[in-house]
Amino acid sequence: MRLYLGAGIAVKMDDTWYCAGLRASGSITCVIDNVFVPEHRSVSFSTLRDAARPDRGHPIRLPTAFIAVHSYALLGPALGLARGGYDDFVQWTRERF
């Protein structure tokens with residue numbers, strides 16, 4: 001798997017995230033059709049995972065592992081949903097008794 005970087009590419013936003021538990025996440029699907037991205041504008045996920053230095057002249061420079069940083073971005077929606085569910089449950093319980 002690779003991460004590709006492209007400039008000036010038309011991206012279509014497709015609102016398809018309606019499965020249980022993800023609708024409230026605000027996620028969308030990005031669709032890009034018929035685009036060529038040269039290899040020098042891509043990096044493997046293993047390079048990102050290991051925070052390895054890409055080849056000399058590569059446009060990506062990461063001081064830390066991508067997965068270590070990116071995982072924090074995934075925590076916010078999950079914690080927000082959990083806290084909202086807990087608050088609703090506490091309110092419902094108070095009204096019930």
Side-chain angles (χ1 to χ4, degrees):
M1 263 177 133
R2 299 185 74 78
L3 177 67
Y4 295 90
L5 304 173
I9 296 174
V11 178
K12 176 185 161 200
M13 307 297 188
D14 197 2
D15 191 9
T16 59
W17 289 61
Y18 293 110
C19 56
L22 293 176
R23 183 174 186 174
S25 70
S27 299
I28 59 169
T29 298
C30 296
V31 180
I32 303 170
D33 289 321
N34 301 318
V35 174
F36 172 76
V37 179
E39 188 174 353
H40 73 275
R41 288 193 156 266
S42 71
V43 65
S44 70
F45 273 98
S46 61
T47 298
L48 294 173
R49 179 196 66 221
D50 301 337
R53 182 173 179 209
D55 296 339
R56 200 174 232 356
H58 201 283
I60 298 173
R61 300 280 184 247
L62 296 172
T64 187
F66 176 76
I67 299 300
V69 174
H70 184 64
S71 60
Y72 291 117
L74 300 175
L75 289 176
L79 288 175
L81 290 167
R83 287 179 178 164
Y86 175 77
D87 291 343
D88 288 348
F89 176 76
V90 168
Q91 183 64 31
W92 174 77
T93 303
R94 286 183 179 151
E95 292 171 358
R96 189 170 163 217
F97 294 106

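On a predicted model such as this, the values are computed, not experimentally measured, just so you know.
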Colleague: Between L79 and L81, does a side-chain contact (heavy atoms from CB on, under 4.5 Å) hold up when you go through it step by step?
Modeller: CA-CA 5 Å; L79 288 175; L81 290 167; over 6 Å; no

Colleague: Quick one: side-chain hydrogen bond (donor to acceptor under 3.5 Å, both in side chains) partners of D15, sequence neighbours excluded?
Modeller: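 So D15 forms a side-chain hydrogen bond (donor to acceptor under 3.5 Å, both in side chains) with Y18.
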
Colleague: Which hydrophobic side chains are connected to W92, either touching it within the sub-4.5 Å cutoff or through other members that do?
Modeller: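 For the cluster that includes W92, the remaining residues are F89.
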
Colleague: Could you measure the distance from the CZ atom of R2 to the OG atom of S42? Nearest 0.5 Å is fine.
Modeller: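 R2 CZ to S42 OG: 3.5 Å, rounded to 0.5 Å.
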
Colleague: Apart from Y86 itself, which Ile, Leu, Val, Met, Phe, Trp or Tyr residues share its cluster (side-chain heavy atoms under 4.5 Å, direct or through members)?
Modeller: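 Cluster partners of Y86: V90.
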
Colleague: Mind checking what makes side-chain hydrogen bond (donor to acceptor under 3.5 Å, both in side chains) contact with T29, not counting sequence neighbours?
Modeller: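 Scan of T29 (side-chain hydrogen bond (donor to acceptor under 3.5 Å, both in side chains), adjacent residues dropped) gives T16, W17.
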
Colleague: Checking one residue: Y4. Which other hydrophobic residues are in its cluster under the side-chain 4.5 Å linking rule?
Modeller: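 Other cluster members: I9, V11, M13, I28, I32, V35, V37.
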
